Protein chains: 2
Amino acid sequence: MQRPEPPSGCGDRPTRRKARREERRDAILEVAKRYFLEHGYAGTTMSGIAASLGGSKGTLWSYYASKDLLFGDVLDRVTEVFRQQLGMALHRDAPVETALVTVCAEFLTRLTNPEAIALHRLVVGEAGRFPELGRIFYERGPQRVHSLLSRYIAEAMARGDLTQDDPDVAANVLSALCLAGHHQKLMVGMIDCLPPDEAEDWARKAVAIFLRTYR
Amino acid sequence: MQRPEPPSGCGDRPTRRKARREERRDAILEVAKRYFLEHGYAGTTMSGIAASLGGSKGTLWSYYASKDLLFGDVLDRVTEVFRQQLGMALHRDAPVETALVTVCAEFLTRLTNPEAIALHRLVVGEAGRFPELGRIFYERGPQRVHSLLSRYIAEAMARGDLTQDDPDVAANVLSALCLAGHHQKLMVGMIDCLPPDEAEDWARKAVAIFLRTYR
DNA sequence: AAAAAAATGTACTCTATGGTACGGTCATGC
DNA sequence: GCATGACCGTACCATAGAGTACATTTTTTT
């Protein structure tokens, strides 16, 4: 349990401390994320987080001087998931239908997983009081997905694979079709998760309807 | 300012009192509604409502013994708006396209007005902690609209005005198309209200796309 | 006019919670 | 091995807000 690291590293002197600190910060964010997503902003207590963390309140405050600051960092961390979402596979060499079905199924799967729903609820619930929160979320989440889709659709239109039209509108239509019905039910808690295979099935239907108009 | 009522009414003795009480209860609900819609459940304080009401806390508590109870009644009142929504004009004798455009525009207008958005935010934000809330809202709001649409579509299909298919799916598709893009932006606060005429314009587009598939 | 019911204002209790202070302990780094 | 920074536990402060108590006043009923 001693430091198993060569003492040669002299570029970052207090390296062991810093590493531990990062680790701890990570743990804090993880716990806080759980709390915020589960109980909302107002429903989350710093004392609760501290307790759940095992450590003392003093420690927590030494990392985050206020609830607001902690909330900010948690948001940063949570929207990271959405940033990765950008990595969604939009195979430009596959046939349009295949590419769209794949991306829609992926989109639907990600947007309907419990954590995404919890985040969505949190954002929507607090959007009235933290306008910034809504903006940040939108720009990092829906907006990027929209751009991605829109760009792909524009290219497909240019290639002649889709009929010429406003690609922005088309992208909106496609994502709306994807979420139709399911998302709202999830958001208000009428269902807890998507039935298995439903993402794939519905993606096919959505794309079919989309192509009926755009091809 | 004396009682200008004939003293003959002996069926409901203390009528003056009861009337006043109903009035007061109404005022309470109105103020509470404003608070809850604006600040969410946790952000609303009974003391604040009492103060805003002008009266004293004792009075407020004599009507509602707890915040939860008050919240419940506020919800009842607010979802009434949605119940009326059922009165939406679905002209069964008009051409399908006209009927759908009308109902979609109406739907979009109602769903995007600030109070509806505030309610939606409230419900979604608290759905995790008050599962009942989500259910009540869903049943009184989206579900009824869905049934209405679905029934109309089924009839149109039977008449041969729309191609035979699952009317439930079709209804979902139509309402999703209606809300495409706009609703999400409103919910996260990216925009505050719909641009004028946008409801009408978008309703036409949505119905056009819908009919491309279902006719 | 007198009694009953309801409303008011004020002051209070109790609990939760954000945030602080501090003395002791343990790991880290020199 | 010793100084230092991080951590722990715990007790604490201040404030907000739910809910209560009560003495006083207003309104309604009879």
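A, B, ... follow the sequence lines: proteins, then strands. Residue 1 opens every chain. Keep in mind that this is a model prediction, so the values were computed, not measured.
Contact of the A:Ile153 side chain with the A:Phe210 side chain is registered, since non-hydrogen atoms from C-beta on lie closer than 4.5 Å. You'll find the side chain of B:Tyr214 reaches within 4.5 Å of the side chain of B:Val169, heavy atoms only. Counting only heavy atoms from C-beta outward, the side chains of B:Leu53 and B:Thr59 never approach each other to under 4.5 Å. In this structure, A:Phe71 and A:Thr44 have side chains that are not in contact, with every pair of non-hydrogen atoms separated by 4.5 Å or more.
Residues from residues 46-60 of chain B lying near DNA chain D, meaning a heavy-atom separation below 4.0 Å, are B:Met46, B:Ser47, B:Lys57 in numerical order. Contact check of residues 28-40 of chain B against DNA chain D (heavy atom, cut-off under 4.0 Å) returns no residues at all.
One finds a side-chain N or O of B:Arg24 lying less than 4.0 angstrom from the OP1 or OP2 phosphate oxygen of C:dT8. The side chain of B:Arg21 contributes no N or O atom lying less than 4.0 Å from OP1 or OP2 of C:dA5. One finds a side-chain N or O of A:Tyr63 lying less than 4.0 angstrom from the OP1 or OP2 phosphate oxygen of D:dC7.
Rounded to whole Å, the distance from CH2 on A:Trp61 to P on D:dC7 is 15 Å. Computed from coordinates, the B:Leu69 CG to D:dA18 P distance equals 14 Å when rounded to whole Å. In this structure, NZ of B:Lys67 is placed 15 Å from P of C:dA16, rounded to the nearest angstrom. Computed from coordinates, the A:Tyr64 OH to C:dT20 P distance equals 17 Å when rounded to whole Å. Distance, A:Leu70 CG to C:dT17 C1': 15 Å, rounded to whole Å. Between the CZ atom of B:Phe71 and the P atom of D:dA18 there is a distance of 14 Å, rounded to whole Å.
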Expected list for residues 29-38 of chain A: side-chain donor-acceptor pairs under 3.5 angstrom, two or more places apart:
unit_1  : atom_1 : unit_2   : atom_2 : d
A:Glu30 : OE1    : A:Arg77  : NH1    : 2.8
A:Glu30 : OE2    : A:Lys33  : NZ     : 3.4
A:Lys33 : NZ     : A:Glu115 : OE2    : 3.4
A:Tyr35 : OH     : A:Gly48  : O      : 3.3

Residues 172-189 of chain B side chain polar contacts: donor-acceptor under 3.5 Å, at least two apart:
unit_1   : atom_1 : unit_2   : atom_2 : d
B:Asn172 : OD1    : B:His146 : ND1    : 3.4
B:Ser175 : OG     : B:Ala171 : O      : 3.1
B:Ser175 : OG     : B:Asn172 : O      : 3.3
B:His182 : NE2    : B:Glu198 : OE2    : 3.0

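Toward the 5' end of DNA chain D, the nearer of the two residues B:Thr44 and B:Arg20, judged by each one's closest nucleotide, is B:Thr44.
Using a 4.0 Å cut-off between charged side-chain N and carboxylate O, B:Glu22 and B:Lys18 make no salt bridge. A salt bridge does not link A:Glu155 to A:Arg151: none of the charged side-chain nitrogens sits closer than 4.0 Å to a carboxylate oxygen.
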Can you name the atoms? Protein N/O to nucleotides 3-5 of chain D N/O, anything below 3.5 Å, with the distance.
unit_1 : atom_1 : unit_2  : atom_2 : d
D:dT4  : O2     : A:Arg17 : NH2    : 2.9

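Paired with B:Phe137 under the rule side chain to side chain contact (heavy atoms under 4.5 Å, CB included), one option of B:Leu122, B:Leu119, B:Leu75 passes, and it is B:Leu119.
Under a 3.5 Å cut-off, the side chain of B:Arg129 and the backbone N or O of A:His39 do form a donor-acceptor pair.
Scanning for salt bridge (Lys or Arg N to Asp or Glu O under 4.0 Å) contacts around B:Arg20 gives an empty result, with sequence neighbours left out.
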